[in-house]
Amino acid sequence: MTTKQLTATEGAALMGTPEPVGQDREVDIAKRFQRDTAGHQMTVLHDDGLYRHLRFTSPKSSEYWFDLVTWPGRLAMCGDVGEDYVFTRLPDMFEFFRGKSINPHYWAEKLGGGRRSVKEYSEDLFRQLVVERFVEDARWNGVPPGTGKALRTWVLNEDLSDEHEARNVLEDFAHRGYEFSDVWEWDFHDYEQQFLWACNAIVWGIAQYDAQKAADSASETDSAKAAA
């Protein structure tokens, strides 16, 4: 078997130009959230201790509006974002999310359905993991000549949008003794875009609420000083 050393660039070239996955995808969704909510304003519909109902929407459009609702031990996020999400962790769920970078893996554990309820098959993750495994094998163990071309032809150039069919294609792939093992144990699921969007909405929404509370407190202090 001939050893073939590959660079990260050569490995990436096998995939073409996939959609962002992992942390890159989270950054992409965060930027999209900022665009979607650029004109949003907060309306406080209810605010009584741990019982809150906040609405965020644009005065010019009803697109991408969302609500944050809390009661002891729960936070619900709903609106024009697809699914509704209810998280459970602390008595004050604003405290749980406040001032943090989004953490989809940990936060999804606090949903009633767990992480699997907000993950879906990702063709882009499939392609990334296939190429990563191939590059690793080529770099450390060597692969038969022509394996990269065969992989592009018989796997990466196929329609991989259906998980079952994609797994079959990968399971059936073999080139001069090289094949992928334990394919059915690979996890090709990534967090849904709307869930990542919702995570950004929660952190941003709480920050708007806290800023308004701070402004109101400062205004009351100034008024008290002026009246003294």
Side-chain angles (χ1 to χ4, degrees), residues 1-36 82-83 100-111 113-200 202-203:
M1 181 178 292
T2 302
T3 300
K4 169 65 175 176
Q5 300 293 328
L6 296 180
T7 66
T9 301
E10 289 171 333
L14 288 169
M15 290 195 296
T17 308
E19 292 295 320
V21 294
Q23 291 185 342
D24 289 340
R25 185 164 178 262
E26 291 180 18
V27 171
D28 184 69
I29 297 299
K31 291 179 179 178
R32 175 188 153 192
F33 171 79
Q34 292 174 357
R35 294 192 301 269
D36 292 342
E83 299 293 331
K100 297 182 174 68
S101 299
I102 72 166
N103 188 342
H105 184 76
Y106 179 54
W107 292 357
E109 294 178 348
K110 310 312 172 187
L111 294 169
R115 290 196 299 268
R116 293 293 292 185
S117 67
V118 289
K119 299 185 85 171
E120 61 186 355
Y121 167 68
S122 168
E123 179 180 350
D124 298 302
L125 181 58
F126 178 97
R127 293 177 182 278
Q128 174 177 303
L129 293 180
V130 168
V131 172
E132 285 179 353
R133 175 64 66 86
F134 169 70
V135 170
E136 181 180 357
D137 289 345
R139 180 170 291 154
W140 301 111
N141 303 315
V143 297
T147 303
K149 180 179 180 180
L151 184 62
R152 288 194 302 271
T153 301
W154 300 108
V155 177
L156 299 178
N157 287 347
E158 291 293 312
D159 179 1
L160 304 173
S161 58
D162 179 81
E163 181 180 5
H164 182 76
E165 293 299 323
R167 287 184 182 274
N168 282 335
V169 168
L170 192 59
E171 181 79 18
D172 293 340
F173 174 76
H175 178 75
R176 300 179 64 178
Y178 177 83
E179 58 186 0
F180 296 98
S181 60
D182 302 321
V183 170
W184 293 100
E185 297 181 3
W186 294 23
D187 185 3
F188 302 120
H189 291 78
D190 203 355
Y191 289 102
E192 299 169 347
Q193 292 189 25
Q194 58 264 34
F195 176 68
L196 297 177
W197 197 97
C199 289
N200 281 278
I202 292 169
V203 172

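No hydrogens, no waters, no symmetry mates; every other heavy atom, side chains included, goes into these values. All residue numbers refer to positions in the sequence shown, counting from 1.
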[X] vs [Y] side-chain heavy atoms within contact, under 4.5 Å:
X: His189; Y: Glu163; value: yes
X: Asp187; Y: Lys119; value: yes
X: Glu26; Y: Tyr191; value: no
X: Leu129; Y: Phe180; value: no
X: Val130; Y: Phe173; value: no
X: Ser122; Y: Gln128; value: no
X: Lys31; Y: Val27; value: yes
X: Glu83; Y: Phe195; value: no

Check the orientation of [X] and [Y]. Use parallel for under 30°, tilted for 30 to 60°, and perpendicular for over 60°.
X: Phe33; Y: Trp197; result: perpendicular
X: His164; Y: Trp184; result: tilted
X: Phe134; Y: Tyr178; result: perpendicular

Of all the heavy-atom pairs spanning [X] and [Y], show the shortest one and how long it is.
X: Leu196; Y: Pro104; value: CD2-CG, 3.5 Å
X: Ser161; Y: Tyr121; value: O-CE2, 3.4 Å
X: Arg176; Y: Pro144; value: O-CG, 3.5 Å
X: His175; Y: Gly146; value: NE2-C, 3.5 Å
X: Val155; Y: Leu170; value: CG1-CD1, 4.3 Å
X: Val183; Y: Arg167; value: O-NH1, 2.8 Å

Stepwise side-chain contact (heavy atoms from CB on, under 4.5 Å) test for Leu156 and Arg127: CA-CA 7 Å; Leu156 299 178; Arg127 293 177 182 278; 3.9 Å; yes

How long is the gap from [atom1] on [X] to [atom2] on [Y], to the nearest 0.5 Å?
X: Asn168; Y: Glu158; atom1: CG; atom2: CD; value: 12.0 Å
X: Glu179; Y: Asp137; atom1: CD; atom2: CG; value: 11.5 Å
X: Asp124; Y: Leu160; atom1: CG; atom2: CG; value: 10.0 Å
X: Asn103; Y: Glu109; atom1: CG; atom2: CD; value: 8.5 Å
X: Gln193; Y: Glu120; atom1: CD; atom2: CD; value: 7.0 Å
X: Glu171; Y: Ser181; atom1: CD; atom2: OG; value: 9.5 Å

Contacts of type side chain to side chain contact (heavy atoms under 4.5 Å, CB included), residue Lys100, not counting sequence neighbours: Trp107

Check: Glu165 main-chain N/O paired with Asp162 side-chain donor or acceptor under 3.5 Å: yes

Flag if over 12 foreign heavy atoms under 6.0 Å of CH2, Trp154: no

